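Source: prediction; values computed, not measured. Index from 1, following the sequence. Just so you know, ligand 1 is whichever comes first in the structure, and atom 1 is the first atom listed for that ligand.
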Amino acid sequence: MKTPESHIIVIFGASGDLTKRKLIPALYQLYINHLLPDNFAILGTSRTSLTDQEFRVRISEFLPLSDESNSLFLNNIYYQTIDYELNDDYAKLKWRLDELRLKHNILANYLFYLSTPPDLYDVIPEKLAFANLNFQTDGFKRIIIEKPFGNSLQSAKKLNISLLKNYEENQIYRIDHYLGKETVQNLMVTRFANGIFEPIWNRNFIGRVEITSAESLGVEGRGGYYDHSGAMRDMVQNHILQMVGLVAMEPPVVIDADAIRHEVLKVFQSLRPIKPEDIPKQVIRGQYTTSKIKGVSVAGYREEQGVDPASHTETYVAMKFFIDNWRWAGVPFFIRTGKKLPTRVTEIVIEFKPTPHHLFEKSAFHINQANQLIIRIQPDEGILLKFAMKEPGAGFKVNQVNMDFHYSDLAEVLLPSAYERLLLDCLFGDATLYSRGDTVEAAWEFIQPILDSWSNEPAIPIYGYPAGTWGPHESDGLIEGETNWRFPCKNLADDGLYCEL
Ligand code: BG6
């Protein structure tokens, strides 16, 4: 199997949770699957003072127990304490990198992973450049930046400007872990590798598109961060809009980073801005309140640790919007996301228009049983098609049936984690599944007026919803007519209010 060139991965913020829970396990999986080169090293850095050995012990907790490869892998891991603001510490970092290169016979290929608080996203790259660690003459120098990329349009622009002072765009990898999900990538394959979908993937046949990204968990100890972010910044501006981009984009000319990201950018540029007076009607925000789930009392958002007891931060967003281009003219897009909803599920529903003439009008088959193609991102990853069938027996009673494909049916398929895929892509220099600077800004352009309205007009309501329910009732009103959101269950092929959650 092809492996990347020898390299050193430097993780900034290595004492944090992401490193232990996601990055190191992902790198370990790449290692045991022989996807890393023979010569590589990982250097963790953070303010915490630790020795190499102490760092190894910390992270080994997140690796398989007493696995032989485990200790071989750990031999490539090092640690260095750093004061992020000190130029001298970057000079020391450079010496350490030289030392590790000599020891492991590695080229000067460096991947810098920024998993620190966001206020360091401009500081660290600038200091690295000060130590000449941005020049690619002797090997690649790439930077991965965790989300959030800015917390407003203005700060995202500022960050882009600051990074581009010392780096080329193709050295900057803005991560959105949703793009690393196998099922999100399969969206492109579903659309562009099948002859049957693309001809009907437009306003003539599609009545609406719905994207749900629900979580059953709450803020899980991240109250301090979340209370300054909220669902719009945490999920909509990035993960959900990226899925909208892949559902709505035109076929790219080729599968490569620029061709795909160019098409996504066009979608974002075509998002119809929501007028200030329409925001209260088209964008519903909610916050979970205390309730009982399966008989157990659950705290409301305002009681969570790190959250202001009078907080107005949204833990739920549902919105309706349009994409003003030829393909999607007039087709409403509905998206919703929230914490403490009944189940963890992310899926895309493509709802087709009803037949032009209703031959079976008087039967049980009515409008909210339109054909739907459901692309399940997680869990029970797969694809479901809902269509009408005659009920056996007298007359023409029509009912809706399911045709479903589940990834789990593929023998021995283990879906790699998003971080495995994304780290490997970056090591190969492939930015297809990373966000480009202009697309991030275009996504912010769409979101920012909504955030501004919310902060400038306190009269715009934030609706409470009991933890464990599908969000405020007001979001049902977004979808006109007899149809409603699909209420997904844990299992792809089930839906309705009563199902396993
Ligand atoms: C993160 C958000 O980016 O995505 C979290 O900060 C959220 O709040 C998470 O829980 C959801 O990711 P996943 O992969 O669990 O759907």
Ignoring angles and geometry beyond distance, decide whether T346 reaches within less than 3.5 Å of ligand 1 through its nitrogen or oxygen atoms. no
Could you give all pairs that pass the side chain to side chain donor-acceptor pair (under 3.5 Å) test and reach residues 425-439, with sequence neighbours left out? Q242-S435, D258-R436, R421-D425, D430-T432, R436-D438
H239 and Y178 aromatic ring geometry - parallel, tilted or perpendicular at 30°/60° bounds: parallel
Protein contact of atom 16 (O) of ligand 1 - nearest heavy atom, named by residue and atom, plus distance: Y178 OH, 2.5 Å
Protein contact of atom 6 (O) of ligand 1 - nearest heavy atom, named by residue and atom, plus distance: D234 OD1, 2.6 Å
Do any nitrogen or oxygen atoms of Y226 lie less than 3.5 angstrom from nitrogen or oxygen atoms of ligand 1? no
Ligand 1 atoms in contact with K339 (distance to a heavy atom under 4.0 Å): 5 (C), 7 (C), 8 (O), 10 (O)
Considering only heavy atoms, which of E215, E220, K22 lies nearest to atom 10 (O) of ligand 1? E215
Is there side-chain contact between H406 and R376, with at least one heavy-atom pair below 4.5 Å? no
Please list the nearest protein heavy atom to atom 15 (O) of ligand 1 with its residue and the distance rounded to 0.1 Å. R344 NH2, 3.3 Å
Flag side-chain contact, heavy atom, 4.5 Å: L187 against V247: yes
Within 4.0 Å of some non-hydrogen atom of H239, the atoms of ligand 1 are 1 (C), 3 (O), 4 (O)
Atom indices of ligand 1, in the order listed, that fall short of 4.0 Å to a heavy atom of K181: 13 (P), 14 (O), 16 (O)
Would you mind running through ligand 1 and noting each atom that sits below 4.0 Å from a heavy atom of H177? 1 (C), 3 (O), 4 (O), 12 (O), 13 (P), 14 (O)
Distance under 4.0 Å to a non-hydrogen atom of K147: what atoms of ligand 1 satisfy this? 1 (C), 2 (C), 3 (O), 6 (O)
The single option from R327, R191, K266 passing salt bridge (Lys or Arg N to Asp or Glu O under 4.0 Å) against E250: R327
According to the interplanar angle, ranging from 0 to 90°, do the rings of W201 and F197 count as parallel (below 30°), tilted (30 to 60°) or perpendicular (above 60°)? perpendicular
Using side-chain heavy atoms (C-beta onward) and a distance below 4.5 Å, is M188 in contact with I260? yes
Between S475 and Y463, does any side-chain donor sit less than 3.5 Å from a side-chain acceptor? no
